[in-house]
A.B. asks: 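Structure in structure tokens, see below.
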Amino acid sequence: MEQKVKMNDPRKTDFMYEEAIKTLRTNIQFTGRNVKCIVLTSCFPNEGKSDIAFQLAKEIGNIGKRVILVDADIRKSTFASRYRIGRPVKGLSHYLCGTLEADGVCYQTNYDNVDIIFAGSMVPNPSELLEEPALEELIQHLREQYDYILIDTPPIADMVDAAIVAKWCDGAILVIEERRVSYRIAQKAKKKIMQTGCKFLGAVLNKVDVKKERYYGSYGGYYGRRTAE
Ligand SMILES: Nc1ncnc2c1ncn2[C@@H]1O[C@H](COP(=O)(O)OP(=O)(O)O)[C@@H](O)[C@H]1O
Ligand SMILES: [Mg+2]
């Protein structure tokens with residue numbers, strides 16, 4: 001791959017957070033060979049999907065597996081600005097519009113075995129674009145090149161994008177911010193995912209205050225907290 005980007009992670013993760021991400025990685029590995037393409041979503045914005053997608057990609061890359069992180073949150077793309085890429089990059093929307101081929105939107109990163117497809121420019125109709133057969137074709141293409149494909153999406157509670165993406169994925173992870181999401185809403189999101197035919201892998205409980213929490217069991221997820229920006 002010719003295109004390269006340098007991503008600079010501005011934040012420090014703590015030991016607990018790193019361990020939680022590694023546990024998540026291990027659990028994904030144990031789901032088997034047929035779970036290769038994974039969609040990450042949440043009920044609401046800012047629960048930490050993009051953060052977890054990025055950290056998980058890094059940890060998968062660390063064990064020698066080839067992984068590509070795809071930003072399908074075209075409405076709120078975060079990676080290029082958060083990780084201070086420092087130059088304009090093309091992305092998924094350019095591919096879906098037909099402006100560029102798949103190879104034109106894949107970038108190699110400075111993290112071992114981790115490639116990325118950025119969201120691209122904001123378009124007025126992200127859901128319609130994702131409905132294009134081009135998305136499925138892209139995923140098929142990536143399946144041949146990578147061990148894992150992680151797809152970051154907008155929240156599923158009031159946008160259809162994540163469900164559209166999930167149709168082509170083998171498994172889904174629901175990121176849940178502690179104390180923000182009710183059991184009922186989390187169940188509704190899970191149902192929406194399962195209706196697409198995608199396997200529900202589980203929930204990640206995020207932003208848990210580990211000092212306060214003695215145990216955490218409501219969603220049976222993982223937990224982690226990182227120091228703020
Ligand atoms: N475990 C965590 N602890 C503390 N802050 C977090 C954690 N995970 C994410 N954040 C912060 O929350 C904000 C939203 O995270 P982000 O990954 O962009 O959410 P989403 O992709 O779900 O909208 C960011 O400012 C991020 O740094
Ligand atoms: Mg995000």
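Order of listing sets the numbers, starting from 1, for every ligand and every atom in it.
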A.B. asks: Less than 3.5 Å between some nitrogen or oxygen of P45 and one of ligand 1, yes or no?
C.D. replies: no
A.B. asks: If we only count N/O pairs under 3.5 Å, is S50 in contact with ligand 1?
C.D. replies: yes
A.B. asks: Identify the two heavy atoms, one from A119 and one from D73, that lie closest to each other, and give their separation to 0.1 Å.
C.D. replies: CB-O, 4.0 Å
A.B. asks: Calculate, to the nearest 0.5 Å, the distance between atoms CD and CG belonging to E131 and L96 respectively.
C.D. replies: 11.5 Å
A.B. asks: Does ligand 1 come near enough to Y17 that some N or O of the ligand is less than 3.5 Å from an N or O of the residue?
C.D. replies: no
A.B. asks: Any N or O on S42 sitting closer than 3.5 Å to an N or O of ligand 1?
C.D. replies: no
A.B. asks: What I want to check is whether the side chains of N46 and K76 have a donor and an acceptor closer together than 3.5 Å.
C.D. replies: yes
A.B. asks: Would you mind listing which atoms of ligand 1 come within a distance below 4.0 Å of any non-hydrogen atom of N206?
C.D. replies: 1 (N), 2 (C), 7 (C), 8 (N), 9 (C)
A.B. asks: I'd like to know if the Mg ion (ligand 2) has an N/O/S atom from T78 within less than 2.8 Å of it, counting both backbone and side-chain atoms.
C.D. replies: no
A.B. asks: Is the contact between N46 and ligand 1 made by the side chain, the backbone, both, or neither, using heavy atoms and a 4.0 Å cut-off?
C.D. replies: both
A.B. asks: Kindly check if the number of other-residue, nucleotide or ligand heavy atoms within 6.0 Å of CD (E101) is above 12?
C.D. replies: no
A.B. asks: Looking only at distances, please establish whether an N/O atom of ligand 1 is found under 3.5 Å from an N/O atom of R82.
C.D. replies: yes
A.B. asks: Contact between ligand 1 and E177 is defined here as a heavy atom of the residue under 4.0 Å from a ligand atom; is it met?
C.D. replies: no
A.B. asks: Rounded to the nearest 0.5 Å, what separates atom CD1 in I52 from atom CG in L150?
C.D. replies: 11.5 Å
A.B. asks: So, S77 versus D71: side-chain donor-acceptor pair below 3.5 Å or not?
C.D. replies: no
A.B. asks: Can you confirm whether or not the ring centre of F118 sits under 6.0 Å from the ring centre of Y83?
C.D. replies: no
